[in-house]
Amino acid sequence: MTSEGAYPHGAGRHGAVLVFDADDRLTAWNEAAETLAGAGRLLVPGALPEALAPLFRGLPPGHTVTDWPLSGGGFVRRTAGEDAAGGGPAPGADLSGRLFAAASHDLRQPLAALSLLLGALEGRLDGAVAGGGKGAPGRRGALNDPASRDLLNAMGNAVQSLRGMVDGHFDLVRLEAGLVQPDIGAPVVNGILTRVALDAAPRFDGRGLRFSVLPCSVRIATDASLLERILQGFVASTLRHTERGRVVLGCRRQGADLRIELWSTGRGLLPDQLSALREEFRRPDGSGDPSVIDLGLRLACGLARRLGHRLEVESAPGRGTMLAVLVPQAMDGADEPPAGAEAGAPDAAPSSAPGADVSRARVLVIEDDPMVLEALGALLGQWGCAVVAADSVDAALERLGPGPQPPDLVISDLRLKGAMNGIVAIRQIGKALDATLPGLILTGDTDPMRLREARLSGYPLLHKPVAPMALRGAVARLLGRERLKS
């Protein structure tokens, strides 16, 4: 079998994907898998992996075959390294994708730790002021110093800005490299608005801008995480061009679509600037002058093209700007996401997080990055939680002690050392303690398949670096639900 025979049509830029259930039976595959030699004869529902082995023999040099376990049993088998056009290998294509994913994950770890530590510092400052500033007089004066508060806020805004740039650059590279694959579902738009609001509110507040979100219960047909990144691109651009006034995020129906709009007051755009921006929004291939739009809008354009959504802009000099993305409304009866699969559920108002009481909760944290583990422990401890910190399941069970009382909540990183991930870790802890434990997944991972697995696990998912407000809101909701059950 020749390389060309193995990949007569290139097997697609993103490789062949085959899905097996818990009994190792083939249940689904993509179009790229159908181009493999022998696929017409071997690709049948229920086929076993060994019967499909001939599909992967004689792959061109540089191609890889990888199995990804699924949380509910079964696995996904994926090939990588194909060239989009000619079927030959693209040397380093899969390597570059893994390098970008690894670099993105590794850069998010110190950012996550810094964001959490800033949250702990702010909580300590608030606690000291509310409690009368216990401690030495000199320290008490520093804690009550408005300049110290302003400095802390500025540090938080800088971290959020850096996070946005890191996310934006890596997402743009992954998008242009063809590494971003939409996962279209039927989410309620309010959950997406809530997560954007939790992330954006402190940044607008730090700039002295009034920010509000109008709730909407419409279900839409989109990839929730990619649409969220589009709206974050809107936010980043708005922060750059709005000095004072108000910013409003809301929705309105337009035929079969839902318009998600971000309105801002400010200097607005001149007619030639508005015309140039509209031209960039209309380009089908993303070509054009990169200097016309900033990174946030450039990323939003690319993601919108990938999702098939349309972007629009309106602006008046001296009055402000409106950015909008048009998203199809989901059909009646569209599948709903698993209950609790998103930390920013529609019933979670952004304003509920700051005052949420999470004290006296016993929280087990599993995180293999020492810096993030320490920061999580410091922040949760600042909130009054009793924290048990561990870098693995074995260490967690050891630190819980013999005959342990189950923790009220388990927070785990998605990517842990070895073969076990955070989803399996939470379930293993629950099995060992003979208890059903509420869990929360934190991740700096950007691999679409891993993120999809996390979303389908039923555990809420937060992305690193997570805003302390978002983390506190997610923890409070999980603890509240568990208390109601009991």
Side-chain angles (χ1 to χ4, degrees), residues 109 112-131 134-135 340 343 348 352-414 416 420 422-443 459-462 464-486:
Q109 294 295 84
L114 185 56
S115 179
L116 295 169
L117 288 171
L118 281 171
L121 180 58
E122 184 175 15
R124 179 166 295 186
L125 190 153
D126 289 340
V129 172
K134 297 178 182 180
S352 67
D357 180 18
V358 298
S359 62
R360 300 181 300 280
R362 191 166 185 240
V363 182
L364 171 61
V365 179
I366 306 175
E367 167 63 67
D368 60 5
D369 186 293
M371 185 167 46
V372 179
L373 183 62
E374 182 179 0
L376 272 170
L379 181 61
L380 291 165
Q382 183 67 44
W383 294 340
C385 299
V387 181
V388 179
D391 61 1
S392 67
V393 170
D394 290 340
L397 292 173
E398 180 180 342
R399 293 180 184 179
L400 286 171
Q405 178 73 20
D408 298 311
L409 172 67
V410 182
I411 300 176
S412 178
D413 187 13
L414 178 60
L416 300 172
M420 187 175 295
I423 300 166
V424 178
I426 295 173
R427 290 174 177 162
Q428 289 279 22
I429 294 290
K431 184 177 181 180
L433 301 181
D434 193 24
T436 301
L437 302 175
L440 174 65
I441 299 292
L442 300 181
T443 182
Y459 295 121
L461 175 68
L462 290 177
K464 297 177 184 176
V466 59
M469 184 189 301
L471 177 63
R472 184 164 184 154
V475 169
R477 285 192 296 277
L478 287 167
L479 293 174
R481 287 172 182 170
E482 192 62 20
R483 288 169 185 159
L484 285 175
K485 291 177 184 177
S486 60

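- How far CZ of Arg362 is from CG of Leu400: 5.5 Å, rounded to the nearest 0.5 Å.
- Contact record, Ala396 with Leu364: CB-CD1, 3.8 Å, taken as the closest heavy-atom pair.
- The nearest pair of heavy atoms linking Leu479 to Leu409 is CD2-CB, 4.1 Å.
- Summarising the geometry of Ala425 relative to Leu416, their closest heavy-atom pair is CB-CD1, 3.8 Å, with the distance given to 0.1 Å.
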Audit row: Val372, Leu442, side chain to side chain contact (heavy atoms under 4.5 Å, CB included) steps and yes/no: CA-CA 11 Å; Val372 179; Leu442 300 181; 5.8 Å; no
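- Of all the heavy atoms in Gly422 and Ile441, the pair that sits closest is C-CD1, 3.8 Å.
- With Pro407 as reference, Leu437 is the one residue of Val388, Leu437, Val363, Val387 to meet the side-chain contact (heavy atoms from CB on, under 4.5 Å) rule.
- Residues Ala390 and Leu373 approach most closely at O-CD1, 3.8 Å, considering heavy atoms.
- With values rounded to the nearest 0.5 angstrom, Arg399 atom CZ is found 6.5 Å from Asp391 atom CG.
- The CG atom of Leu440 sits 11.0 Å away from the CG atom of Asp413 when rounded to the nearest 0.5 Å.
- Taking CD of Gln428 as the start and CD1 of Ile426 as the end, the distance is 11.5 Å to the nearest 0.5 Å.
- Distance check: Leu414 CG to Glu367 CD gives 10.5 Å after rounding to the nearest 0.5 Å.
- For Leu462 against Ala474, the heavy-atom pair with the smallest separation is CD1-CB, 3.9 Å.
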